[in-house]
Amino acid sequence: MLSMYFCFAIATTLLIKELSMWGFQQSTLPISISRVNQVDAARLDVEMSAMLKEQLVKVFLLMKPGMLFQYEAELDAFLEFLIWRFSIWVDKPTPGIALMNLRYRDERAVEPRDKVRTGLEGPGLTVAQKLWYCVATVGGQYIWARLQSFSAFRRWGDTEQRPLARRLWILIQRIEGIYRAASFGNLLIFLCTGRYRNLIERALRARLVYGSPNMNRAVSFEYMNRQLVWNEFSEMLLLLLPLLNSSSVKNLLRPFSKDKSSGSAEDGTACPICQATPTIPYVALPCQHRYCYYCLRTRCAAAPSFRCSRCSEPVVAMQRLGGVPTE
C-alpha cells in the first residue's frame with residue numbers, strides 16, 4: 001500500500017512538472033494578430049477620410065466652381081493631419097483601428113522580451129515615431145501628389161521637353177515603380193507573418209496589436225459580406241444598364257404585359273414613346289409610324305440602330321408628316 005502511494009505521488013509530481021513546462025512553452029509563443037482585422041482597419045480609415053472630405057466639400061458649395069479642385073491635395077493633407085492629431089498623437093487608435101480592437105505598439109521595446117503571449121504587452125509609439133509617422137503619411141503623400149500633378153501639368157514626359165525635365169519624369173516613374181514593387185513585397189511578407197501592413201509601419205517598427213483581450217469586432221462579418229455583395233451587384237448593374245436598349249426591352253416584354261391602357265397608343269395618333277399627341281409630328285421610315293420630333297430625334301441620336309417601338313422595324317430615316325425625309 002505504501003509503495004502504491006509512493007508511485008502515485010511520483011506520477012502526480014511528473015504530471016505537474018509536464019503541465020508547468022507546457023505552460024511555459026505556451027507563454028513564450030507570440031500570438032498572431034488577425035490579418036483580416038488589420039486590412040479592414042486600413043479600409044475603414046480610408047472610408048472615414050472620404051466621408052470627412054465629402055462633408056467638408058459641402059461647406060464650399062457656394063464658392064467659385066473649380067476653386068476647391070485646385071486645393072484638393074491640401075484638403076486631403078489637412079484631413080489626414082486632423083486624424084493623426086486626434087488619434088495617434090494622443091496615444092489613441094485611428095477610427096478604423098479602434099473598430100477592429102487594435103492599437104499601435106513600439107515593437108523595438110518588446111523585441112528583447114521572450115514572453116509575449118496575449119499581444120497586449122508593450123508600450124505605445126514614442127514621440128519620434130509619431131512625428132515620423134505624420135511626416136510620412138501626411139507630408140510624404142502631399143508632396144508626392146503635388147509633384148505628380150505639377151509634372152503632368154508641365155508635361156515633363158513629352159519627348160520635346162528639355163532633357164532635365166525628361167530625366168526628372170523618368171526618375172519619378174522609376175521611384176514610383178520601386179515603391180510599388182517594395183509595397184508588393186511587403187504585402188507578401190505581411191500575409192506570411194501578419195506584421196506591418198505597409199512600408200511606413202515596417203520602417204518605424206510600429207506594429208498593430210490587440211487593444212483589449214475581451215473585446216469583439218465592432219463590424220461583424222455578416223454586415224461586411226452583405227455590404228460587399230451589394231457593392232458588387234451595384235457595380236454590375238452600372239456596367240450592364242448602359243448596354244441595354246430600353247426600347248428593345250420594352251418590345252420584348254410587351255407580349256407579357258397586361259396593361260390595357262396601351263391600346264390607346266396603338267391608334268396611330270399618339271407618340272409611342274411619350275404617349276401624347278405629337279405637337280410636331282414626324283414619321284419613322286420605312287414603317288411610317290408617327291412620333292414626336294424630339295422623341296424620335298433623341299432616340300435615333302442615342303441609338304443608331306434604333307427600332308420602331310411599335311413594329312420593331314429598323315428606323316433608317318425620319319420625315320415630317322407630309323414633308324421631305326431626313327437622315
Legend entry - CA sep, side-chain torsions, deciding dist, call: Ser149, Arg146, side-chain contact (heavy atoms from CB on, under 4.5 Å): CA-CA 5 Å; Ser149 61; Arg146 272 304 179 189; 4.0 Å; yes
Inset, instruction - Verify, without hydrogens or angle tests, whether Gln275 (side chain) and Pro272 (backbone) share a donor-acceptor contact under 3.5 angstrom. - result: yes
Legend entry - Hphob cluster co-occupancy, Leu99 + Met51, side-chain heavy atoms under 4.5 angstrom: no
Inset, instruction - Determine yes or no for a side-chain-to-main-chain donor-acceptor pair under 3.5 angstrom, with Asp45 supplying the side chain and Gly96 the backbone. - result: yes
Legend entry - side-chain contact (heavy atoms from CB on, under 4.5 Å) involving Ser151 - partner list, sequence neighbours excluded: Trp156, Trp169, Ile172
Inset, instruction - Kindly state each residue pair satisfying salt bridge (charged side-chain N to carboxylate O under 4.0 Å, His left out) with at least one member in residues 271-289, sequence neighbours excluded. - result: none
Inset, instruction - Could I get the full list of side-chain contact (heavy atoms from CB on, under 4.5 Å) partners for Pro281, not counting sequence neighbours? - result: Pro278, Arg290, Leu321
Inset, instruction - Please check if Leu131 and Val90 belong to a single hydrophobic cluster, counting links between Ile, Leu, Val, Met, Phe, Trp and Tyr side chain heavy atoms closer than 4.5 Å. - result: yes
Legend entry - Cluster companions of Ile178 among Ile, Leu, Val, Met, Phe, Trp, Tyr (side-chain spacing under 4.5 Å): none
Legend entry - Connected-component partners of Ile189 among ILVMFWY, side-chain separation under 4.5 Å: none
Legend entry - Glu107 with Arg105: basic N within carboxylate O range, under 4.0 Å: yes
Inset, instruction - Scan for ring-ring contact (aromatic ring centres under 6.0 Å, His included) pairs involving residues 176-205, sequence neighbours excluded, and state none if there are none. - result: none
Legend entry - Minimum heavy-atom distance between Leu79 and Ser49, given as atom pair plus value: CD1-O, 4.1 Å
Inset, instruction - Tell me, please, which residues at least two apart from Glu47 pass side-chain contact (heavy atoms from CB on, under 4.5 Å). - result: Arg43
Inset, instruction - Apply the test side-chain contact (heavy atoms from CB on, under 4.5 Å) to residues Val209 and Leu102: give CA-CA distance (whole Å), side-chain angles for both, the deciding distance (0.1 Å), then the verdict. - result: CA-CA 5 Å; Val209 296; Leu102 299 172; over 6 Å; no
Legend entry - With sequence neighbours excluded, residues passing ring pair (Phe, Tyr, Trp, His ring centres under 6.0 Å) with Tyr294: none
Inset, instruction - Would you mind listing the cluster partners of Ile143? Hydrophobic ones only (ILVMFWY), side-chain contacts under 4.5 Å, chaining allowed. - result: Tyr142
Inset, instruction - Please confirm whether the backbone N or O of Gly194 pairs with a side-chain atom of Gln38, one donor and one acceptor, at under 3.5 Å? - result: yes
Inset, instruction - Quick one: do Gln129 and Tyr104 satisfy side chain to side chain donor-acceptor pair (under 3.5 Å)? Show the steps, please. - result: CA-CA 11 Å; Gln129 286 177 314; Tyr104 274 118; over 6 Å; no
Legend entry - Nearest-0.5 Å distance that lies between atom CG in Leu171 and atom CZ in Arg167: 11.5 Å
Inset, instruction - Could you pull out the closest heavy-atom pair between Leu296 and Ile273, with the gap in Å? - result: N-CD1, 4.5 Å
Legend entry - Residue pair Leu75, Val57: steps toward the side-chain contact (heavy atoms from CB on, under 4.5 Å) verdict: CA-CA 9 Å; Leu75 179 63; Val57 168; 4.1 Å; yes
Inset, instruction - Just do the side-chain contact (heavy atoms from CB on, under 4.5 Å) check on Cys300 and Val315 with the steps written out, would you? - result: CA-CA 8 Å; Cys300 292; Val315 178; 4.1 Å; yes
Legend entry - Distance (rounded to the nearest 0.5 Å) between Arg197 CZ and Arg202 CZ: 12.5 Å
Legend entry - Salt-bridge present (Glu201, Arg195; N to O < 4.0 Å): no
Legend entry - Distance in Å, Cys192 SG paired with Arg35 CZ, rounded so as to fall on 0.5 Å steps: 7.5 Å
Inset, instruction - For Thr137, enumerate each residue passing the side-chain contact (heavy atoms from CB on, under 4.5 Å) test, keeping only those at least two apart in sequence or located in another chain. - result: Tyr133, Ile200
Legend entry - Pairs involving residues 90-100, ordered by first then second residue, that meet salt bridge (charged side-chain N to carboxylate O under 4.0 Å, His left out) (sequence neighbours left out): Asp91-Lys130
Inset, instruction - Supply the atom-to-atom distance Ser309 OG to His289 NE2, rounded to the nearest 0.5 angstrom. - result: 10.5 Å
Inset, instruction - Applying ring pair (Phe, Tyr, Trp, His ring centres under 6.0 Å), name anything that partners Phe81, two or more places apart in sequence or on another chain. - result: Trp84
Legend entry - Spacing of CZ belonging to Arg103 relative to CD1 belonging to Ile97, to within rounding of 0.5 Å: 11.5 Å
Inset, instruction - Establish, from distance only, whether the side-chain atoms of Gln141 and Asp76 form a donor-acceptor pair under 3.5 Å. - result: no
Legend entry - is_close_aromatic(Tyr282, Tyr291), centroid dist under 6.0 Å: no
Legend entry - Pairwise distance SG(Cys292) to CD1(Ile280) - rounded to 0.5 angstrom: 8.5 Å
Legend entry - hydrophobic_cluster_shared for Ile170 and Leu147, side chain cutoff 4.5 Å: no
Inset, instruction - Tell me whether Ile83 is reachable from Val46 by hopping between hydrophobic residues (I, L, V, M, F, W, Y) whose side-chain heavy atoms are closer than 4.5 Å. - result: no
Inset, instruction - May I ask whether Leu125 and Trp132 are part of the same hydrophobic cluster, defined by side-chain heavy atoms of I, L, V, M, F, W, Y residues being less than 4.5 angstrom apart, directly or through others? - result: yes
